[in-house]
Structures are given as C-alpha cells and as structure tokens.
Amino acid sequence: MLYRKQTSRRLFASTLALATVLAAAPIAAQESQDPTSSEADEPPSEDLHDRRIDYQGQIIVSAQGLRQFDLLAGTSVVEAADLQRNMDGQLGEVLASLPGVSASGFAPGASRPILRGFAGERVKVLVDGIGAIDASNTSDDHAVSIDPLTAESIEVLRGPAVLLFGSQAIGGAVNVIDKRIPRRIPDEPIHVDLVARGDTASDLREFGGSIDVPLGNSGFVAHIDGSWRKTNDLEIAGYQVAPLLRAELLEEAAEEEAEGEVEEAAELREAAEQRGILPNSATETWTANAGLAFFRGDSSLGVSFGVYDTDYGIPGRPGAGHHHGEEEEGHDEDDHGDEEHGEEEGEELVSIGLRQYRADLRGDVFLGEGFFERLRLRAGYSDYTHTEFEGDEVGTVFDVEGIEGRLELVQNQQGRWRGSMGAQYYFRDFKAVGAEAFVAPNRTEQIAFFALQEYGNGPVQVEGSVRFESTDVDSTQLGIERSFDTFSGALGLAYDGSQAFRAGVNVSRVARAPSGEELFSNGPHIATQAFEIGDPNLETERAWGAEIFARGRVGRAEFSLAAYKNWFDDFIYLSATGTEEDELPVFAYRQQDATYTGVEGEIDYEFYDDGNVALGAELRGEYVRAKLSDGNSVPRIPPLSLSGALTASAGDFDLRGEVEWFDDQRKVAPFETATEGFTHVNAAITWRPLRDNPNVSFIVKADNIFDVTGRRHTSFTKDFVPLAGRNISASVRASF
C-alpha cells in the first residue's frame with residue numbers, strides 16, 4: 001500500500017515538472033509587448049488593503065493566488081525602510097519587533113521566527129511562496145538558510161488562512177521576497193541595489209548587492225546578487241549566565257573546593273563570573289545567486305541558482321559536562337587549559353558549518369478570459385549539508401536533499417465569485433551521520449490539494465479554504481513507516497466598512513502530521529547540549545481555531561487588532577523530563593491536548609503634519625497564554641510585551657525613539673526556569689541625501705542604550721545566551 005502511494009506521488013511530481021516545461025509554450029506564443037516596467041522607485045500604496053498585498057508594484061503572497069483573497073486576518077509587511085532599520089543576519093531577529101512575533105534566539109548565528117508562541121513545525125518559512133527546504137525545523141541550533149540582507153521585503157502571515165501553504169503553518173508563515181528570479185524588466189539599462197552595515201556590539205561588517213540587466217529587447221532579464229557578513233563574539237550587558245545558574249555554579253565551586261579540587265573550583269567560578277562577552281558566538285556568512293527570467297505579454301518564466309554558506313559558534317552552557325565514553329575527552333569550562341589535561345578536562349568549542357545549494361523555478365502564464373485566468377508554478381530543489389564541529393573535529397553531519405513544487409490555477413472573477421485551486425508536492429530525504437546523529441535517517445513525502453474561494457463584492461464577504469494532505473514518513477534504518485491523511489479548512493466572514501475599516505471572524509480546523517524529527521529522534525545532540533527522544537507512535541495533531549480581527553483607519557490613526565484561540569487535540573511538544581542521559585538533560589517529544597489564547601495589536605497615530613514636519617506615535621503589544629490539559633504551561637512561551645515609539649520627519653531626515661518592555665515569564669513548564677523582565681530603549685536617525693532618489697538612505701541606530709541585560713524566554717539557551725548589550729550601528733542602502 002505504501003509503495004503504491006509513493007509511486008502515485010512520484011507520478012504526480014513528474015506531472016508537475018512536465019507542466020512546468022509546457023508552461024513555457026504559452027509564454028512564447030503570446031505577442032510580445034512591453035511588460036510592467038520596473039517600479040522599484042514607486043512608493044507603496046497608502047490604502048490598507050493594497051499595502052498589505054502589493055509592495056513596490058510586485059505581488060507578495062498573491063503570487064500564490066491570494067491577490068483578492070482576504071482570509072489573512074493578521075499580516076505585517078517589513079518593507080525597505082523598516083527592513084534596513086531592523087536588519088540582522090538571522091530572520092527571527094529581523095522580525096522580532098513585530099506584534100505577535102518573537103525569535104528562538106538560540107545563538108547569534110541561529111534564530112528562527114516564532115509566531116503567536118508557535119515555533120518549529122508550526123511556522124512555515126517560505127521563499128517566495130515555497131519552503132526553505134533546510135533543517136532549521138529539526139532543532140533551534142540550525143540556522144534558516146535565508147539571508148535577509150538581499151531581501152526586497154518580508155511578509156509575516158498570521159491567522160487561519162496560512163494553512164493554505166501547509167499544515168505546518170498553524171502558527172503562521174514568514175514569506176521572504178527576493179529578486180533571485182527577476183519580477184519585471186527594468187526601465188534602466190542596468191538596475192543596482194546595494195546595502196552595507198556595521199555595528200559595535202559584534203564588530204559587524206556586512207555588504208550585499210544585486211544587479212538586474214535586461215538583455216536587449218529579447219524579453220530576458222539576468223540577475224546576480226551576493227552578500228558577505230562577519231561578526232566577532234557578541235558584547236553583552238552583564239553576566240553571561242542568569243542569576244539562578246550563576247548561584248548554582250558558585251555553589252558547585254564551593255563544593256569542589258571543599259573536596260580539594262581547586263582547579264575545578266576555579267573553572268566554575270570563572271564561568272560564573274564571565275561577563276561583557278558571549279564566548280564562541282562569532283559568525284561568518286556569504287551568499288551568491290544568479291537568475292534569468294523571460295517575459296512575454298502577460299506571462300513570465302524564470303529560474304535561479306544560489307549558494308548559502310555560514311559558519312557560526314554555539315555558546316556552551318557553563319558548568320555542563322558531556323562525555324562520549326572512556327575513549328573520548330571530557331569537558332571543562334575553560335578551553336585554554338594545558339595539553340596534559342586536555343583529554344580529561346579540555347572542552348572543545350562547538351561550531352556549525354552550513355551550506356545549501358538551491359535551484360528555483362517560477363512561472364506565471366496568462367490563460368485568457370475563460371474560467372481560469374492564469375497558471376502559476378513554483379518549484380525549488382535544495383541540497384543542504386550541515387556539519388557540527390567539536391573543535392576541529394567533525395562531530396555530526398546532517399544532509400537534506402529535497403524538492404517542493406506548487407501548481408496553482410487562478411480563476412477569472414465571475415460576478416462576485418473569485419478564487420483559486422491547486423496542488424503541492426514535497427519530498428525530503430534527511431540523513432545524519434556521526435557519533436551524535438540523534439535523528440535516524442528518514443524520508444518525508446507529501447502530496448496536497450487546496451482551494452480558496454471568496455464570494456461578495458459589497459460590505460460583507462464570505463471566504464473559505466480547504467487543504468488535503470497525504471504524508472508518508474519512513475525510516476528504513478528503524479524499519480518504521482508511518483502514513484497520515486489530513487484535512488484542514490477555514491471559513492471566514494468579513495465586513496468592509498467606510499474609511500478603510502475591515503472587521504471579521506475566522507474559524508479553522510487544522511490537522512498536521514508529525515515530522516521525522518518528532519518521530520525518530522533518539523540520542524545526544526552536542527549543539528543543544530541535550531539528549532532528545534522522539535516518539536514513533538505519535539498521532540496526528542489537530543486543532544480548532546477561532547479569531548476575531550479589526551483593522552483600518554480612524555482619523556489620523558491606523559490600527560490592527562486581533563484576538564485568537566486554538567484548541568489542540570494531541571498537541572506535540574518538546575519538554576524537559578528532569579532526567580539525564582550521557583550526562584545531558586533529557587528532552588522528549590510528548591503529546592496531549594492544549595489551548596493557546598492570545599491578543600496582539602498595533603496603533604500608528606500621526607498627531608501633527610504641516611507639510612514640512614510630521615510627528616507620530618506607535619504602540620504595539622502582544623500576549624499569549626498556552627496551557628496543556630494537565631494544567632502545566634507549554635514550554636518556551638513569550639511573555640507579555642509592549643513597545644512604544646515617537647517618530648518625526650522633517651525634509652530628508654526621520655527620527656525615531658523607542659521603548660521595548662518585556663514582562664517576567666513565571667508561567668513555566670516543569671523543569672523550565674523563569675525569566676526576568678527587561679526594558680530596552682532604542683533610537684534611530686535616517687537621512688536621505690538625494691532629493692531626486694529617496695531610495696538612497698543612511699541610518700544610524702542605537703539599540704539598548706542603557707546597556708540592560710535581556711533574555712528571551714522562547715530560547716533554549718536563555719540562561720546563558722543573553723541579548724546584545726549597547727549597540728551602535730550604521731547602514732546605507734541604495735537603489736538606482
């Protein structure tokens with residue numbers, strides 16, 4: 001039975017690939033005409049609905065058929081100016097200031113987005129509508145293989161409709177829009193984008209740029225881009241370790257000293273007193289991409305190939321020991337010890353080297369005035385290798401080879417009726433080799449069918465979406481095969497009032513198959529310094545969801561508010577057990593019912609504008625409470641947070657002062673430590689020196705001005721990986 005299902009899926013994948021090739025024929029057959037020219041210099045629309053969907057003349061998520069579909073109750077778009085101001089090497093850190101968004105914050109080189117308290121398998125990270133196809137969902141120490149430096153914009157999608165991109169998007173989706181495959185024919189003979197940045201907290205040096213060139217009048221556009229980023233160990237505000245862990249280290253030091261172990265006591269005290277610098281947190285990343293697109297009439301077809309390469313350190317937990325056996329060396333908190341004690345006491349620094357080769361295809365074929373308006377194709381192939389080093393020695397190597405393809409037919413509007421339907425295929429071959437290959441080799445294959453429909457042009461609209469997925473996860477090494485058929489759907493009712501006001505309610509029923517990591521993990525993981533155990537008997541995770549939302553403009557105030565609740569059956573989560581294996585704390589995947597309840601919102605108010613000077617204020621906030629059916633809290637849930645900012649614009653200058661407040665998090669899971677609250681004060685000034693080209697801008701920014709220690713409760717490493725201390729940064733971005 002499983003063989004027949006896999007055969008049919010591979011047949012579907014072949015059919016999808018054939019459709020991709022055939023798509024080029026209608027493109028070539030169309031009469032040549034001048035496509036929409038480069039709109040890179042046009043400002044984004046001020047209308048709330050358009051602003052959410054269209055940025056600088058390009059379709060963002062509507063590239064997947066959502067141009068007129070409004071189930072997306074909660075959406076944030078990080079565009080050029082905000083992207084430059086919040087730039088970071090890791091996607092989670094770029095987005096962490098948005099309402100409803102946090103970051104995993106495992107290390108400066110690895111930080112994944114967390115949406116509404118959901119992480120890992122419940123947040124879909126997309127590149128122009130399809131997955132990153134990497135191992136970032138496997139563990140928090142694995143970086144997302146996307147460089148935000150050369151992104152045009154990033155869209156954060158929250159709410160029930162994001163299940164259309166996969167059941168892994170229960171919590172939401174992050175869609176990075178880049179230009180690896182050109183989206184238009186530039187007006188100019190050559191179009192150039194450049195960005196550079198540096199800072200003081202990590203001694204950052206980074207550069208990125210892209211070039212788009214139309215190849216005569218052929219309809220072809222060529223693209224190349226690249227980036228480089230390097231940081232040193234991160235400067236922090238105070239002690240590296242949290243107060244509770246520091247007290248434990250000092251107590252252990254006293255015990256060692258009482259037993260006559262003077263050197264061990266000194267090492268523990270040194271670890272407890274480490275401050276000012278986060279050891280082994282340096283990073284280096286480079287990327288290179290090339291693309292080619294063909295435009296004919298109202299259609300286009302393009303391909304790209306790229307490389308993402310990064311090396312980053314994994315800060316070690318002070319006081320933690322790790323042994324592979326009698327032949328292996330132990331760990332000590334000071335890796336500068338002499339050679340004669342190396343085998344017994346020398347701690348090897350852990351680092352990760354990651355490289356991904358990726359090929360992508362995007363097609364958009366105009367079909368005419370019949371029932372279907374256009375055919376959209378999107379496919380990606382990834383060859384990914386991730387190596388964990390112990391000092392100079394190779395520890396564990398993770399290999400991921402995968403493909404994802406998406407085919408979508410967009411309907412022509414028929415009166416009040418519009419929508420789209422399509423199919424999606426995903427295959428991933430995962431292998432881990434080494435002494436600490438904690439996940440058995442496994443393969444995941446999935447075929448999905450989906451549809452979106454919307455009815456109504458007036459003030460009331462009804463919206464619906466459905467998705468069916470058939471998923472096989474197997475490990476030949478373990479002799480285990482699991483198959484899951486899941487059905488998900490969402491239904492919404494929205495009201496469009498006057499003056500750009502919109503309110504509505506959405507309900508959803510979502511089902512998600514467990515991942516290979518959740519099923520097959522079983523072993524020590526040096527980078528996370530944990531012993532992780534999966535459960536091959538996990539059942540399908542299901543959830544009911546409800547959300548009410550309102551967004552719009554009232555006078556000079558623009559607002560967006562949402563409240564939501566999710567009721568999970570057989571919720572899958574990773575939790576500490578309180579036991580140890582191989583001198584490592586044990587974390588196990590477990591399953592029980594759970595509820596998530598939350599509210600998030602933002603208000604932007606312009607209280608003065610005389611045509612020369614504009615003054616405004618911003619307020620953002622979020623709160624989520626997640627509980628298991630046994631009464632315990634779900635692990636690693638972000639606390640209540642609020643932020644406020646005052647802004648001023650005068651001529652070529654913009655000023656911004658900001659306060660970010662994070663509450664204590666004391667509603668914690670068993671064996672999870674609480675997190676102290678903190679407040680960061682930030683400021684920024686933007687200068688656009690060229691009146692005839694506002695796309696050239698300089699930003700000088702001061703983050704955490706008062707040098708306050710902050711720790712993210714969402715992080716596995718929060719007790720010994722704090723946020724950066726005072727940081728002064730400068731950046732320049734240019735487009736011409």
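Excluded from the calculations below are hydrogen atoms, water molecules and symmetry mates; all remaining heavy atoms, backbone and side chain alike, are included.
Across every non-hydrogen atom of L642 and G621, the tightest pair is CD2-CA, 3.8 Å. For the pair P214 and I185, the tightest heavy-atom approach, listed with the atom from each and the gap, is CB-CG2, 4.0 Å. Across all non-hydrogen atoms, the minimal contact from I637 to H713 is O-CD2, 3.2 Å. Between F389 and G353, the closest heavy-atom pair is CE1-N, 4.0 Å. The nearest pair of heavy atoms linking I133 to V400 is O-CG1, 4.4 Å. When all heavy atoms of R358 and V127 are compared, the closest pair comes out as NH2-CB, 4.1 Å.
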Salt bridge (Lys or Arg N to Asp or Glu O under 4.0 Å) between D199 and R726, worked out
CA-CA 10 Å; D199 75 15; R726 183 184 297 110; over 6 Å; no
Assess whether salt bridge (Lys or Arg N to Asp or Glu O under 4.0 Å) is satisfied between R688 and D652, documenting all intermediate values.
CA-CA 5 Å; R688 292 174 295 276; D652 301 324; 5.8 Å; no
Please lay out, stage by stage, how V221 and F295 fare under the test side chain to side chain contact (heavy atoms under 4.5 Å, CB included).
CA-CA 8 Å; V221 178; F295 298 86; 3.8 Å; yes
Residues D134, I146; criterion side chain to side chain contact (heavy atoms under 4.5 Å, CB included); working and verdict:
CA-CA 10 Å; D134 56 19; I146 299 173; 5.7 Å; no
What do the steps show when you test L278 against D233 for side chain to side chain contact (heavy atoms under 4.5 Å, CB included), and what is the final call?
CA-CA 6 Å; L278 179 62; D233 287 347; 5.8 Å; no
Using salt bridge (Lys or Arg N to Asp or Glu O under 4.0 Å), reason through R712 and E660 one step at a time and then give a plain yes or no.
CA-CA 13 Å; R712 286 209 173 99; E660 297 177 302; over 6 Å; no
Applying side chain to side chain contact (heavy atoms under 4.5 Å, CB included) to L361 and Y381, what does each step give before you reach the verdict?
CA-CA 9 Å; L361 179 144; Y381 166 81; over 6 Å; no
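Put simply, the side chain of D178 never gets that close to the backbone of A151: no donor and acceptor are under 3.5 Å apart. E206 contributes no side-chain N or O that, together with a main-chain N or O of R229, makes up a donor-acceptor pair within less than 3.5 Å. A distance-only check finds a donor-acceptor pair linking the side chain of N86 to the backbone of D82 [under 3.5 Å]. For the pair N280 (side chain) and V350 (backbone), a donor-acceptor distance under 3.5 Å is present. For Q240 (side chain) and F720 (main-chain N/O), a donor-acceptor pair under 3.5 Å exists by modelled atom type. A side-chain donor-acceptor contact under 3.5 Å links T200 to the backbone of I728. Counting only distance, with no hydrogens or angles, the side chain of Y312 and the backbone of A143 share a donor-acceptor pair below 3.5 Å. The backbone N or O of G105 sits less than 3.5 Å from a side-chain atom of S715, completing a donor-acceptor pair. Remark: side-chain polar atoms of N175 are paired, donor with acceptor, to backbone N or O of G129 under 3.5 angstrom. A donor-acceptor pair is defined here as one N or O able to donate and one able to accept, closer than 3.5 Å; no such pair exists between the side chain of T287 and the backbone of Y308.
Here salt bridge (charged side-chain N to carboxylate O under 4.0 Å, His left out) pairs that include residues 693-702, with residues two or more places apart or in two chains, are K701-D703.
No salt bridge links E404 with R406; every basic N to acidic carboxylate O contact stays at or beyond 4.0 Å. With respect to K230 and D311, no salt bridge is recorded, no charged nitrogen being found less than 4.0 Å from a carboxylate O. Ion pair E79/R733 not flagged as a salt bridge, since none of the NZ, NE, NH1 or NH2 atoms sits closer than 4.0 Å to an Asp/Glu carboxylate oxygen. Salt bridge absent: R378 and E408 never bring a charged side-chain N and a carboxylate O closer than 4.0 Å.
Residues H191 and S735 bring a donor and an acceptor atom of their side chains to less than 3.5 Å of each other. A donor-acceptor pair shorter than 3.5 Å can be found between the side chains of S145 and Q356. Using modelled atom types and a 3.5 Å distance limit, the side chains of H223 and D225 yield a donor-acceptor pair. Between the side chains of S104 and D140, no donor-acceptor pair is found at a separation under 3.5 Å.
With rounding to the nearest 0.5 Å, the separation of CG in D141 from OG1 in T717 is 10.0 Å. Taken to the nearest 0.5 Å, the CD atom of E618 stands 9.5 Å off from the OG atom of S97. Here the CG atom belonging to L619 is positioned 6.0 Å from the CD1 atom belonging to I603, to the nearest 0.5 angstrom. Atom CZ in R183 sits 11.0 Å away from atom CG in D212 (nearest 0.5 Å). Annotation: the span from W228 atom CH2 to E284 atom CD amounts to 6.0 Å, rounded to 0.5 Å. How far CG of D309 is from CG of L354: 7.5 Å, rounded to the nearest 0.5 Å.
Taking the side chain as every heavy atom from C-beta outward, D604 and R620 approach each other to under 4.5 Å. Residues L91 and V125 have side chains in contact (heavy-atom distance under 4.5 Å, counting atoms from C-beta outward). Taking the side chain as every heavy atom from C-beta outward, T528 and F716 never approach each other to under 4.5 Å. Taking the side chain as every heavy atom from C-beta outward, P638 and V624 approach each other to under 4.5 Å. No side-chain heavy atom of T675 sits under 4.5 Å from any side-chain heavy atom of P639. For the pair E188/F736, no side-chain contact is recorded, criterion being any heavy-atom separation below 4.5 Å from C-beta on. Inter-residue side-chain proximity for N704 and N727 is flagged as unmet; no heavy-atom pair is nearer than 4.5 Å. You'll find the side chain of P689 reaches within 4.5 Å of the side chain of V696, heavy atoms only.
With a 6.0 Å cutoff to the six-membered ring centre and a 45° limit on the axis angle, R112 does not count as a cation-pi contact of F106. With a 6.0 Å cutoff to the six-membered ring centre and a 45° limit on the axis angle, R116 counts as a cation-pi contact of Y564. A cation-pi arrangement, defined by a distance under 6.0 Å to the six-membered ring centre and an angle within 45 degrees of its axis, is present between K124 and Y426.
Aromatic ring orientation, H386 versus Y384: parallel (interplanar angle below 30°, classes split at 30° and 60°).
Residues passing the salt bridge (Lys or Arg N to Asp or Glu O under 4.0 Å) test with R512 are E518, E541, sequence neighbours excluded.
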